[in-house]
J.: 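Below is one structure. I have some questions about it.
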Number of protein chains: 2
Amino acid sequence: MAEREAALVAWRHLLHAVRRRERLAEQKTGLTGAQLFALRQLVTYPGVTIGELGRLTSTDASSISVVVSRLLDKGVAQRVRDPLDQRRWRLHATEAGVARLERAPDSADLLLADAIATLPAKSRSTLARQLEALAEAVEGTGQPVNEEQRKATRD
Amino acid sequence: MAEREAALVAWRHLLHAVRRRERLAEQKTGLTGAQLFALRQLVTYPGVTIGELGRLTSTDASSISVVVSRLLDKGVAQRVRDPLDQRRWRLHATEAGVARLERAPDSADLLLADAIATLPAKSRSTLARQLEALAEAVEGTGQPVNEEQRKATRD
DNA sequence: CATAAAACTATGGGGTCCCATATATTTCAT
DNA sequence: ATGAAATATATGGGACCCCATAGTTTTATG
């Protein structure tokens, strides 16, 4: 019944809420949700590459590549060739970028993080486990579902 | 600490898993994730309107309108003017649409629903409550509403 | 050492999403 | 009854997302 689908509905509510919040933040900051989130990773992990950033944000490298190019255009990020590997760019937030983030306290990713942080520790870890289990289930089927945990290659 | 962000990471993992699963299902069925989900609602709630479908799927009416137009083009849905209100379309899945859905047992929305269904009842309802709470937090907060444009879009 | 294979980033295709707007129809006030 | 306000759907803009693929550079292999 409705009971059985409540979590699925709630999942969509959260998705919708996040997307709308991202639009609001965009109007206020001029940076989209994806841009804000990527930029925040750059502040936290200075010098990451495109590929690493993709793994950090759980998006395809080709997707994050486009997002980064916009960050560069807007002057909130910089890139430098990795001297040890000329294929890679090392990415950094600029001063302007950091300032821009500080003026975006109600971006979707932060509100979500804050909301999660206010959960009791136990609920929080349960939630994390459940979401990972769901991701695993959605990911796994269709392709060989190995009991043995896939090579994790953690981020 | 990583602990504090585990749920946020898990959230993104699930998002990524769903998007990738939708691509796989698309290759197999010729219908995108949004199309499959909308079509399934049409089977469950025959005769819904565009607006109702938007509320059912937690998406903007203008977004679902485009998705529906593709369903119509593909012949998996039909529409008829509501005789009582000439602005509205009444939407239905066609036979072909129903058949198409039956051949898509591993679509993202179904896999997610199944995974949720396999959770213990208690965990399931807790998850639903938590996700709703997060949606509420993301939606509600930060919204200074500063008088300005405030279109009550409750659903 | 030369070359094939793998890794990294970028580009383009087709879809989705929200918002702002436009048009048609219905409902509400006066 | 008539004009104004609200409602329903559609269109276009700009960004995102995944996948396929291409061009470089690096690593592995014979």
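Being a predicted model, the structure only gives us computed values, none of them experimental. Excluded from the calculations below are hydrogen atoms, water molecules and symmetry mates; all remaining heavy atoms, backbone and side chain alike, are included. The chains referred to below are lettered A, B, ... by the order of the sequence lines, with proteins before strands, and numbering in each begins at 1.
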J.: Quick test of your reading of the model: are Asp60(B) and Arg19(A) salt-bridged, counting only N-O distances below 4.0 Å?
T.: no
J.: Using heavy-atom distances to pick each residue's nearest nucleotide on DNA chain C, tell me which of Arg19(A) and Arg81(A) is more 5'.
T.: Arg81(A)
J.: If I take atom NZ in residue Lys74(A) and atom P in nucleotide dA15(D), what distance separates them, rounded to the nearest angstrom?
T.: 6 Å
J.: Would one find a side-chain N or O of His16(B) under 4.0 angstrom from OP1 or OP2 of dC18(D)?
T.: yes
J.: When you measure from the side chain of Gln35(A) to the backbone of Thr32(A), do you find a donor-acceptor pair of N or O atoms at a distance under 3.5 Å?
T.: yes
J.: Nearest whole Å is fine: how far is dT26(C) P from Asp85(B) CG?
T.: 5 Å
J.: Calculate the interatomic distance between Ile64(B) atom CD1 and dC19(C) atom P; express it in whole Å.
T.: 15 Å
J.: Using a 4.0 Å heavy-atom cut-off, does Glu22(A) contact any base of the nucleic acid, only the sugar-phosphate backbone, or nothing at all?
T.: nothing
J.: For a 4.5 angstrom cut-off between non-hydrogen side-chain atoms, does Arg21(A) reach Glu139(B)?
T.: no
J.: Could you write out DNA chain D as a dot-bracket string, with dots for unpaired bases, | for bases paired across to another strand, and Watson-Crick or G-U pairs counted at under 3.5 Å?
T.: ||||||||||||||||||||||||||||||
J.: Do the side chain of Arg88(B) and the main chain of Arg81(B) share a donor and acceptor less than 3.5 angstrom apart?
T.: no
J.: Measure from CG on Asp60(A) to P on dT21(D) and round the result to the nearest Å.
T.: 14 Å
J.: Kindly point out which of dC18(C), dA10(C), dT16(C) is positioned nearest to the side chain of Ser62(A)?
T.: dA10(C)
J.: Can you tell me whether the side chain of Arg87(A) and the base of dT9(C) have a donor-acceptor pair closer than 3.5 Å?
T.: no
J.: Is Gln130(A) reaching over with its side chain to a backbone N or O of Leu127(A), donor-acceptor style, under 3.5 angstrom?
T.: no
J.: Of all the heavy-atom pairs spanning Thr29(A) and Arg103(A), show the shortest one and how long it is.
T.: CG2-O, 4.2 Å
J.: I need the CD-C1' distance between Gln86(A) and dA7(C), as an integer number of Å.
T.: 15 Å
J.: From NZ of Lys28(B) over to C1' of dC19(D), roughly how many Å is that when rounded to an integer?
T.: 17 Å
J.: In whole angstrom, give the distance that lies between atom CZ of Arg55(A) and atom P of dA7(C).
T.: 11 Å
J.: Rounding to a whole Å, what distance do you find between Leu72(B):CG and dT9(D):P?
T.: 12 Å
J.: Ignoring hydrogens and angles, does a donor from either the side chain of Arg23(A) or the base of dC17(C) sit under 3.5 Å from an acceptor on the other?
T.: yes
J.: Are side-chain N/O atoms of Ser107(A) and Arg40(A) paired as donor and acceptor at under 3.5 Å?
T.: yes
J.: What is the nucleic acid contact for Thr32(A), judged by heavy atoms within less than 4.0 Å: base, sugar-phosphate only, or nothing?
T.: sugar-phosphate
J.: Is any side-chain N or O of Thr59(B) under 3.5 Å from a base N or O of dC18(C), one able to act as donor and the other as acceptor?
T.: no
J.: Could you work out which one of dG12(C), dC17(C), dA15(D) sits closest to the side chain of Glu26(A)?
T.: dA15(D)
J.: Give me the residues of residues 35-52 of chain A where at least one heavy atom lies under 4.0 Å from an atom of DNA chain D, by number, or none.
T.: Gln35(A)
J.: What residues, two or more places apart in sequence or in another chain, satisfy side chain to side chain donor-acceptor pair (under 3.5 Å) together with Ser123(A)?
T.: none
J.: Let me spell it out: for each of Trp89(A) and Arg12(A), pick the nucleotide of DNA chain C with the closest heavy atom. Which residue's pick is nearer the 5' end?
T.: Trp89(A)
J.: Judged by each residue's nearest nucleotide on DNA chain D, which is more toward the 5′ side, Pro83(A) or Arg79(B)?
T.: Arg79(B)
J.: Need to verify one output field. Residue with the more 5' nearest nucleotide on DNA chain D, Arg70(A) or Ser65(B)?
T.: Ser65(B)
